[in-house]
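Working notes, beginning with the structure itself.
Per chain, numbering begins at 1; letters A, B, ... match sequence-line order.
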Amino acid sequence: MQLYLSDRTLVLEGELNKLTVPIAAKELKATIKQNPVTMIDLSRISMIDSAGVAFLEELQLYLAPKTTLLLIKGASSNVQAVIDTFSSSDSLRITKERKKGYFEEVGEKFINFCQELYSGLTLASEIFYYSGVGLFSRKGQRKGSLTQQATQLGSQALPIVALLSLIVGFIIALQSGVQLQNFGANVFIADLLAITTVREMGPLITAIIVAGRSGSSIAAEIATMQVTEEIDALKMMALNPIRYVVVPKFHAITIVMPILVMFSVLVSEFGGALIAIGLLDIAPETFISRSIAMISIKDIIVSFGKSIWFAWVIVIIGAYYGFQVKGGAEGVGKATTSAVVSSIFGVIVFDAIFSLLYL
Amino acid sequence: MKKQTPIIEIRDLTAKYGETTVLDNISVDIYPQEITVILGVSGCGKTTMLKNMLRLYEPAGGSVRFWDQDILSLDDAAYNEVLKRTGMLFQNGALLNSISVYENISIPLEMHTNLSTEIIDRMIRVKLALVGLSEAIYKYPAELSGGMKKRAALARALALDPHILFCDEPSAGLDPVTSAALDELILDLKKQLQMTIVIVTHELGSIHRIADRIIFLDEGKILFTGNLADAMQAGIPQIDRFFKVGMF
């Protein structure tokens, strides 16, 4: 590829394609310098592709301010045909978008946030309303859906909840036991474990597992139904998608979550007890009696209240992202990820609020 | 000739996706016991028109009257009553994937009627026999071919014996033989059950076989409404090109 100036004509010679365009672009300024160009001669171009055509268009834009009249001449019929095919002058005009100002962008984001908040709150209120109505009338729900959902969201989560709770109980007892041992206060491990597992770790660990496991499946299921028009099909069958899809999940998770939390607490205590009894030389009956003595009715109520609230947060956030999905498979993936991240965030925020309210 | 009363009246229907206007103030009537085909090139707004006139998407403006009731201003209960008299066949069937074909068809019957299990069972089998899918009664949607999914979805759409059937691209993705068989089925439904059928398609073969009336959409506007013969004589360049390109 060669490029030189002859009088006021810029002559391009050889192949102008994606391999030679970078070379031509590099040589261009040095060739033209301050000399005026009124014509581009393409008669020596033997081959051109879409990169070459794009280069010619950029060249015209570059030269336009420096010349009053710019002519392109001499392209062979083959070269001209390629230029005509890949010429983008029209599409360039259409696609050039006005750049948004800073305040415009901030304003747009704020409006989008308000709209999302509004639709999230609307969805939450509809879920609460239809779940309330659903307590008295099963209309609009499939037979057996509550049992099916309770099994799916609850009993199938038992093994993972058990395993993680056992490990957490084990770790808490191990870490704090070593410190307490330094002060000869081994026996307080039972008190510490009881308070930590009942008030904090039980509800929190269970909620995080359920958010990862069930929150993602709720979002993915609803998002897929949205993408495959199943939600529209339900509407066309005069069925309310919230009532048909979300309410059974809402009822099921409200029932199973406190059970899962109770199970988690017991397993954590068991894990902690293994350390306390085996490593810190605490008698089993002392461990059990101190643990029971430490837990008040208020602690149990707070723990159950938390578990139910976290369950609702997980279902509502999962349903929200499921219904908001746009696009195909990629949209479903995004909705699932957002649902898990947001529900874990929501659970931790509400846990902090509970901790502040019920010290 | 006696003037027919429309079963659906669409007036000034406007639909938008964000700032883009997809349907621009369209007005048209759909008449009973006819097969009306909404056609046009891809992206002209056919499916959008169907979904907006059924309130599956919220239109930006206008009115859609079914049996003289504006469904856009009806409350949920009244809107659902209108929907119970209609059925819809979605482009990919939209069968609920987690349940069998039998259960898919049973949903509207269980939810909206007080019929006994035996009667519902008999109705499901009849609807499946009607669409020629008796052998797949207990299969799951994932186990069905594209054509079988459409027929199962049609059986579900017919579950409540609708007065109006909407079909979104019923021939899409089907081979010509299966597509022709589906057209025959649709013609039978019209003839035997005096059903009003609204179909969105751009399959020329189907249009020639089944259309009583066509609505030709182009860039969100209606270019023509009337019968197929008149459309081809109307001298509208977009319509001429649409039919000419398809005939090879």
Side-chain angles (χ1 to χ4, degrees), chain A residues 94 97-98 100 104 108 111-112 115 119 122 126 129-130 133-134 137-145 147-149 151-153 217-218 220-249 322-323 326-329 332, chain B residues 17-19 47 50-52 54-58 71 74 76-99 103-114 117 120 141-142 149 152-154 156-160 162 164-169:
Chain A
I94 296 161
E97 249 182 76
R98 186 178 65 88
K100 283 174 190 160
E104 203 176 345
E108 200 176 282
I111 289 169
N112 285 344
Q115 281 170 343
S119 51
T122 310
E126 282 187 51
Y129 172 75
Y130 287 116
V133 172
S137 158
R138 315 285 309 161
K139 208 180 155 205
Q141 295 176 44
R142 256 169 54 75
K143 277 180 202 154
S145 55
T147 322
Q148 188 207 352
Q149 291 299 327
T151 312
Q152 210 173 316
L153 301 173
S217 87
I218 292 168
E221 183 187 332
I222 296 173
T224 309
M225 289 179 79
Q226 186 86 288
V227 168
T228 56
E229 294 185 309
E230 289 175 47
I231 295 290
D232 282 345
L234 285 173
K235 287 181 191 165
M236 279 306 295
M237 286 188 271
L239 294 171
N240 184 318
I242 292 174
R243 227 170 157 177
Y244 187 87
V245 184
V246 185
V247 168
K249 295 181 195 305
F323 282 117
K326 284 189 177 73
V332 176
Chain B
Y17 289 130
E19 296 295 308
T47 300
L50 192 66
K51 293 200 169 178
N52 275 272
L54 287 164
R55 215 173 98 175
L56 289 176
Y57 298 159
E58 219 50 59
I71 63 157
L74 289 178
D76 284 352
Y79 169 59
N80 283 342
E81 287 308 313
V82 171
L83 289 182
K84 285 178 202 170
R85 297 165 73 188
T86 66
M88 174 135 175
L89 169 60
F90 285 86
Q91 192 170 350
N92 295 309
L95 293 166
L96 302 186
N97 279 306
S98 56
I99 52 177
E103 290 169 302
N104 261 286
I105 304 168
S106 74
I107 293 173
L109 293 165
E110 281 174 6
M111 298 291 177
H112 301 310
T113 69
N114 293 319
T117 319
I120 287 178
K149 273 183 196 167
L154 182 58
R156 185 180 65 183
L158 297 173
L160 289 172
I164 310 175
L165 177 68
F166 297 93
C167 306
D168 185 9
E169 310 228 6

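- Annotation: maximal heavy-atom pairing with chain B below 4.5 Å, among A:Met225, A:Lys143, A:Gln141, A:Glu221, occurs at A:Gln141.
- Within the 4.5 Å cutoff, side-chain heavy atoms of A:Lys235 are placed close to those of A:Asp232.
- For B:Arg55, no part lies under 4.5 angstrom from a heavy atom of chain A.
- A donor-acceptor pair under 3.5 Å is absent between the side-chain atoms of B:Arg156 and the main chain of A:Met237, judged by distance alone.
- Of the residues considered (B:Leu160, B:Leu89, B:Ile107, B:Val82), B:Ile107 shows the highest number of contacts with chain A, using heavy-atom pairs under 4.5 Å.
- Distance check, rounded to the nearest 0.5 Å: CG of B:Asn80 to CE of A:Met236 gives 10.5 Å.
- Checked against side-chain hydrogen bond (donor to acceptor under 3.5 Å, both in side chains), A:Tyr130 has the following partners two or more places apart in sequence or in another chain: A:Asn240.
- When the candidates B:His112, B:Lys84, B:Glu81, B:Glu110 are compared by the number of heavy-atom contacts under 4.5 Å with chain A, B:His112 comes out ahead.
- A:Leu234 touches chain B through its side chain: at least one heavy atom from C-beta onward sits under 4.5 Å away, while N, CA, C and O do not.
- The candidate from B:Thr86, B:Asp76, B:Leu96, B:Asn92 with the greatest count of non-hydrogen atom pairs under 4.5 Å with chain A is B:Leu96.
- The backbone N or O of B:Asp168 lies less than 3.5 Å from no partner atom in the side chain of B:Gln91, so there is not a single donor-acceptor pair.
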